[in-house]
Number of protein chains: 2
Amino acid sequence: MSIPVPPWQQRAARERSARRPLSLDLIVRTALELLETDGLDAVSMRKVAQRLGTGAASLYAYVNNKDELHELMLDLVIGEISVPDPDPANWRQQIKDLINRQVEVLAAHPGIARVVLRTPAPTGPNALAVTEAMLSILRAAGLPDRAVAFAVDILALFATAAAMELSADFGLTDEQRDERISQVEQYFASLPEDRFPTLVSMLPVLSQGDYRERFDFGLDLLLNGLAAWKP
Amino acid sequence: MSIPVPPWQQRAARERSARRPLSLDLIVRTALELLETDGLDAVSMRKVAQRLGTGAASLYAYVNNKDELHELMLDLVIGEISVPDPDPANWRQQIKDLINRQVEVLAAHPGIARVVLRTPAPTGPNALAVTEAMLSILRAAGLPDRAVAFAVDILALFATAAAMELSADFGLTDEQRDERISQVEQYFASLPEDRFPTLVSMLPVLSQGDYRERFDFGLDLLLNGLAAWKP
DNA sequence: ACCTGAACACCGTTCAAGT
DNA sequence: ACCTGAACACCGTTCAAGT
């Protein structure tokens with residue numbers, strides 16, 4: 001049995017760090033909280049430190065710089081993707097599920113996709129596991145090695161770009177989003193027909209289909225193209 | 001005939017702005033100089049203003065905020081893409097050329113591709129011209145309208161993501177780049193075979209092929225997929 | 001060894017005050 | 001009307017000084 005600390009002895013700002021001492025794990029998880037609610041731009045060394053009741057300088061004992069912190073966050077996010085065992089009869093659906101899930105978890109952490117495009121190759125353990133899964137699914141499907149290697153690259157690029165687009169309007173209220181959409185629509189409707197004849201004539205089709213349909217369309221193009229590589 | 005200004009009357013920092021007064025055009029072109037040499041992160045309101053011999057506050061008479069300046073820059077960059085008249089027999093090559101050129105000009109202005117992913121739709125006059133061209137080429141090729149509309153979206157996304165990847169290592173010296181590559185290679189060579197069997201066994205293939213081959217592979221997947229939509 | 005306050009060199013944007 | 005210095009509220013990172 002321990003006697004409780006009197007409230008006037010608790011320094012509010014230090015409470016958390018007094019109970020839970022700093023650690024890499026704590027830092028990254030605190031940063032992820034910030035990411036989910038406020039987006040990547042809000043994940044600054046200073047704001048993360050503030051949440052932990054300390055100063056930004058303290059984080060540098062665990063992390064070399066902000067980019068490294070962002071990369072650690074990314075791998076934890078990628079860790080939310082669960083990977084299946086290859087089922088050759090189902091390779092298309094397996095790849096589709098993996099890519100869709102990847103877009104989903106990236107978009108759920110607004111801005112983190114930027115980190116993917118900044119990093120040369122997936123080096124975190126979770127990113128490696130996803131890459132391993134994609135490679136083995138495509139290989140089990142009977143595609144030539146070269147197509148497998150290139151396809152994994154292209155599919156990852158595609159998923160990342162889609163996630164970036166999805167989180168582009170993060171931070172706007174629903175009203176702001178609606179206003180933006182109607183502004184864009186008005187703008188396009190006002191374009192001169194003689195300079196942009198095809199665009200103007202296609203306006204109804206161009207505004208058709210939400211993100212899902214467009215993304216699925218693109219993914220199917222890629223997968224159809226890939227299937228054609230089967231010997 | 002005008003008498004030259006004596007050197008001691010020229011205030012160096014103000015020289016440019018004294019001769020050429022501020023204008024939106026001058027601001028955007030100055031920003032583009034900075035972009036080409038130093039990358040998007042260096043294009044700050046303060047640095048652009050400094051180049052013009054003034055303070056950041058002065059730019060706000062011509063531009064609402066930094067994002068708007070970045071968008072104006074983007075459209076000038078897109079303007080470097082020249083658009084062809086549709087040639088139905090050659091639609092595949094025309095699209096390939098357009099997309100390759102787009103990646104080229106975006107990558108030549110390191111970081112500007114980020115602005116594309118941030119903007120909801122292409123609204124600048126030059127971006128509209130490129131969109132009009134892509135739409136008309138695909139339509140003239142005989143693709144259904146819906147496929148045309150979706151394809152333009154997907155192709156633009158693909159080109160933008162590729163350009164982002166290409167400018168990812170901007171700012172590094174050749175030595176730093178080489179060191180990074182060899183570090184990544186060493187890391188991958190050290191991975192445990194039991195956890196990443198496919199990855200490890202495919203290492204030689206994975207490091208095969210440069211950016212061009214991978215990008216062409218992906219573009220061909222998309223175009224093959226598209227061609228299949230022809231009725 | 002671990003932590004941190006203060007400092008340095010940057011940001012975007014606003015606004016009162018100048019011409 | 002056009003321009004701007006100074007201020008405000010932020011950054012990432014370093015480093016000497018503390019325990």
Side-chain angles (χ1 to χ4, degrees), chain A residues 9 11-28 30-31 34-35 37-74 111 114-115 118-119 170-172 176, chain B residues 11-28 30-31 34-35 37-74 111-112 114-115 118-119 170-172 176:
Chain A
Q9 283 184 16
R11 279 178 296 170
R14 307 222 161 194
E15 205 178 348
R16 193 194 284 257
S17 80
R19 291 210 203 122
R20 297 199 271 169
L22 275 190
S23 72
L24 182 57
D25 192 66
L26 182 59
I27 290 170
V28 179
T30 305
L34 212 47
L35 175 64
T37 56
D38 298 5
L40 191 70
D41 288 335
V43 183
S44 65
M45 298 300 273
R46 289 173 119 107
K47 285 220 192 86
V48 173
Q50 200 179 18
R51 281 219 171 192
L52 291 163
T54 182
S58 301
L59 307 185
Y60 286 85
Y62 300 90
V63 134
N64 279 311
N65 50 47
K66 193 176 72 161
D67 282 356
E68 203 176 288
L69 175 57
H70 285 174
E71 279 164 34
L72 292 168
M73 292 162 68
L74 171 62
R114 276 213 300 272
V115 183
R118 204 178 285 147
T119 322
F170 175 77
L172 276 62
Q176 286 173 317
Chain B
R11 280 176 297 169
R14 307 224 161 194
E15 204 178 347
R16 191 193 287 257
S17 79
R19 292 212 202 121
R20 297 200 271 169
L22 275 189
S23 71
L24 182 57
D25 192 66
L26 181 61
I27 290 170
V28 179
T30 306
L34 211 47
L35 174 65
T37 57
D38 298 4
L40 190 70
D41 288 334
V43 183
S44 65
M45 298 299 274
R46 290 172 119 107
K47 287 221 190 85
V48 173
Q50 200 180 17
R51 282 218 170 191
L52 292 164
T54 182
S58 302
L59 308 185
Y60 286 85
Y62 300 90
V63 134
N64 280 311
N65 50 47
K66 193 176 71 161
D67 282 356
E68 203 177 287
L69 174 58
H70 285 174
E71 280 164 34
L72 291 167
M73 292 163 68
L74 171 62
I112 197 71
R114 275 213 302 271
V115 182
R118 203 176 287 146
T119 321
F170 175 77
L172 275 60
Q176 287 174 318

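Reminder, nothing fancy here: chain letters follow the sequence lines and each chain counts from 1.
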Check whether any side-chain heavy atom of I27(A) sits under 4.5 Å from a side-chain heavy atom of L72(A), and report yes or no.
no
Hey, are the side chains of L69(B) and V28(B) touching, using non-hydrogen atoms and a 4.5 Å cut-off?
yes
For the pair made of CD in Q50(A) and P in dG5(C), what is the distance, rounded to whole Å?
13 Å
Can you tell me how far P of dT4(C) sits from CG of L22(A), to the nearest Å?
7 Å
Quick check for you: to the nearest 0.5 Å, what is the distance between [X] atom [atom1] and [Y] atom [atom2]?
X	Y	atom1	atom2	answer
L59(A)	L52(A)	CG	CG	7.0 Å
Y62(B)	E68(B)	OH	CD	14.0 Å
L34(A)	K47(A)	CG	NZ	7.0 Å
K66(A)	L40(A)	NZ	CG	7.0 Å
L74(B)	L35(B)	CG	CG	10.0 Å

Does the protein touch nucleotides 6-19 of chain C at the base, only the backbone, or not at all? Give it as B, S and - per nucleotide, heavy atoms under 4.0 Å.
-B---BBBBB----
Is DNA chain D part of any stem, that is, at least 3 consecutive Watson-Crick or G-U pairs with both distances under 3.5 Å, and where?
C:4-8 with D:12-16, C:12-16 with D:4-8
Step by step, would you call R114(B) with R114(A) a side chain to side chain contact (heavy atoms under 4.5 Å, CB included)?
CA-CA 9 Å; R114(B) 275 213 302 271; R114(A) 276 213 300 272; 4.0 Å; yes
For the P atoms, the ones on dA9(C) and on dC10(D), what distance do you get once it is rounded to whole angstrom?
22 Å
Respond yes when some side-chain nitrogen or oxygen of S58(B) is under 4.0 Å from OP1 or OP2 of dC3(D), and no when none is.
no
